[in-house]
Amino acid sequence: MDREPAPAPRGILNVPRGVPVPGHFRKLPAAALRPLIEHYWVVQWSLPAGMQHLAETLPHPSCQWVTERGRSSLYGVPTGRFTRVIAGRGQAFGVKFRPGGCVPFVGIPASRFAGRRLNLTEAFGAAGALIGKELRSLDREALASDEPSAVIEAMMSAADRFLLARVPPSDPQALLAARIAGAIAEDRRIARVEDVVARFGVPLRALQRLFQRYVGVSPKWVIRRYRLLEAVERVAAEDSIRWPALAHSLGYFDQAHFIKDFRELVGRTPAAYARALVARRSAGASPRR
């Protein structure tokens, strides 16, 4: 199957402008799944003996079904950045649900497993154990293969088959949650919860309940997360940044609050992060994954 590629990833830290991320690719699922599932993704790496790489990514308001290192699990929305030291040879295969897209499949409010891991039996019932076993077997096969692309396609096809057999009846509330989160992700003018209320005509309390059930975090959290993702992208793309103007454009009333949120999520101040990117660019550094 010749799958369509998904848009480029967002939220991979420490990548200067114009530097590709080797071994990281994303493909679209079957067409019938796309209202609820954003894409499939694969990360592969092969590092020389003794070499390590610190991989850091920022969380999105999405559930992820990840198969890696002998485990296949469903993860609720993470609350902090993902940090992992990788070494040797490995890979991870993931299904990224749209915000709100996971709940119709599992029937569990997203807030109940935000920041948590569910085994596939908890998530999908007895059939979850079987698909988990199949994906783990394919993962081992891919790692042992010199040409793993066909095996990775088999993993995507297995996920397609499993999820297509369980496509739930249309849930207007889940689709609304995904549509609102998508607008927040794409429109930098949405900087406050009041902007969402005005755009979609959903009362504040109803909006909060909608996100509590289907997304797992508050609308304010989602807005702040996407604006900080945008801040990371702007820092990586621009050589000279006026920090007060950037903070204001992202909905912050003062620069200090922006710096605090950025540091809590990224692990360093915006200026320090910008300096690190300049140093990597000057050295010609490229993350090894």
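Heavy atoms only: backbone and side chains are in, while hydrogens, waters and symmetry mates are out.
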On a heavy-atom basis, the closest approach of Glu134 and Ala158 is OE2-CB, 3.6 Å

When rounded to the nearest 0.5 angstrom, what distance separates CD1 in Ile131 from CZ in Arg136?
10.0 Å

In short, Ala191 meets Asp195 closest at the heavy-atom pair N-OD2, 2.9 Å

Quick one: do Val217 and Leu204 end up in the same hydrophobic cluster if we chain Ile, Leu, Val, Met, Phe, Trp and Tyr together by side-chain heavy atoms under 4.5 Å apart?
yes

How about Leu265 and Val232: do any of their side-chain heavy atoms sit closer than 4.5 Å?
no

Establish whether Met51 and Ile86 are linked, either directly or via other cluster members, by ILVMFWY side-chain heavy-atom contacts under 4.5 Å.
yes

Can a donor-acceptor pair be found, under 3.5 Å and without considering hydrogens, that links the side chain of His39 to the backbone of Pro7?
no

Between CE of Met156 and CG of Leu135, what distance do you get to the nearest 0.5 Å?
11.5 Å

Just verifying a value: how many Å separate Phe211 CZ and Trp221 CH2, rounded to the nearest 0.5 Å?
11.0 Å

Below 4.0 angstrom, N of the basic side chain to O of the carboxylate: do Glu264 and Arg224 qualify?
no

Inspect the surroundings of CZ in Arg117 and state if more than 12 heavy atoms from other residues, nucleotides or ligands are less than 6.0 Å away.
yes

Is a side-chain N or O of Arg98 found less than 3.5 angstrom from the main chain of Ala177, in a donor-acceptor match?
no

Should Tyr273 and Leu54 be regarded as members of a common hydrophobic cluster, given that ILVMFWY residues are connected when their side-chain heavy atoms come within less than 4.5 Å of each other, either directly or indirectly?
no

Arg213 bridged to Asp171 by N-O distance under 4.0 Å
no

Interatomic spacing from CD in Gln91 to CZ in Arg140 - rounded to 0.5 Å:
12.0 Å

Within the 4.5 Å heavy-atom criterion, are Ile152 and Phe25 side-chain neighbours or not?
yes

Side-chain heavy-atom pair Leu36, Pro168 within 4.5 angstrom cut-off
yes

For a side-chain contact (heavy atoms from CB on, under 4.5 Å) check, start with the C-alpha distance between Glu153 and Lys27, then their side-chain angles and the critical distance, and finish with the verdict.
CA-CA 10 Å; Glu153 173 55 40; Lys27 299 287 185 177; over 6 Å; no

Test item: Arg89 side-chain N/O and Ser46 main-chain N/O as donor-acceptor pair under 3.5 Å:
no

Does the side-chain contact (heavy atoms from CB on, under 4.5 Å) test come out yes or no for Tyr226 and Asp187, once each step is laid out?
CA-CA 10 Å; Tyr226 277 127; Asp187 190 346; over 6 Å; no

Flag side-chain contact, heavy atom, 4.5 Å: Leu228 against Leu58
no

Parallel, tilted or perpendicular: which describes the rings of Tyr40 and Phe93, with under 30° parallel and over 60° perpendicular?
tilted

Any chance you could measure Lys96, atom NZ, to Glu38, atom CD, to the nearest 0.5 Å?
4.0 Å

Please determine whether side-chain contact (heavy atoms from CB on, under 4.5 Å) holds for the pair Arg112 and Val106, giving the CA-CA distance in whole Å, both sets of side-chain angles, and the decisive distance to 0.1 Å.
CA-CA 12 Å; Arg112 285 177 48 186; Val106 302; over 6 Å; no

Presence of salt bridge, Arg227 and Asp261, under 4.0 angstrom:
no

For residues Arg188 and Ser249, determine if any side-chain heavy atom of one lies less than 4.5 Å from a side-chain heavy atom of the other.
no

Do Ser137 and Glu141 meet the criterion of a side-chain donor-acceptor pair at a distance under 3.5 Å?
no

Provide the closest heavy-atom pair for Leu207 versus Pro219 in the form atom of the first, atom of the second, distance.
CG-CG, 3.7 Å

Less than 4.5 Å apart, side chain to side chain, heavy atoms only: is that true for Val196 and Ile190?
yes

Are any non-hydrogen side-chain atoms of Val43 and Glu68 less than 4.5 angstrom apart?
no

For a quick test of reading the model, state the closest non-hydrogen atom pair linking Gly100 to Pro104 and the distance between them.
O-CD, 3.2 Å

Worked verdict on Met155 versus Asp139 for side-chain contact (heavy atoms from CB on, under 4.5 Å)
CA-CA 8 Å; Met155 296 179 78; Asp139 182 61; 4.0 Å; yes

For the residue pair Arg205 / Gln208, report whether a side-chain donor-acceptor contact shorter than 3.5 Å exists.
yes

If every non-hydrogen atom of Cys63 is compared with every non-hydrogen atom of Leu74, which pair is closest and at what distance?
CB-CD1, 4.5 Å

Looking at the rings of Trp65 and Phe105, which for Trp means the six-membered one, are their centres under 6.0 Å apart?
no

Less than 4.5 Å apart, side chain to side chain, heavy atoms only: is that true for Phe97 and Val103?
no

Within 45° of the six-membered ring axis of Phe162 and under 6.0 Å from that ring's centre, is NZ or CZ of Arg166 located there?
yes

Path from Leu175 to Leu164 over hydrophobic side-chain contacts below 4.5 Å:
yes

Please check if Ile223 and Phe200 belong to a single hydrophobic cluster, counting links between Ile, Leu, Val, Met, Phe, Trp and Tyr side chain heavy atoms closer than 4.5 Å.
yes

In short, Arg26 meets Pro9 closest at the heavy-atom pair NH1-CA, 3.4 Å

Interatomic spacing from OG in Ser73 to CG in Leu120 - rounded to 0.5 Å
6.0 Å

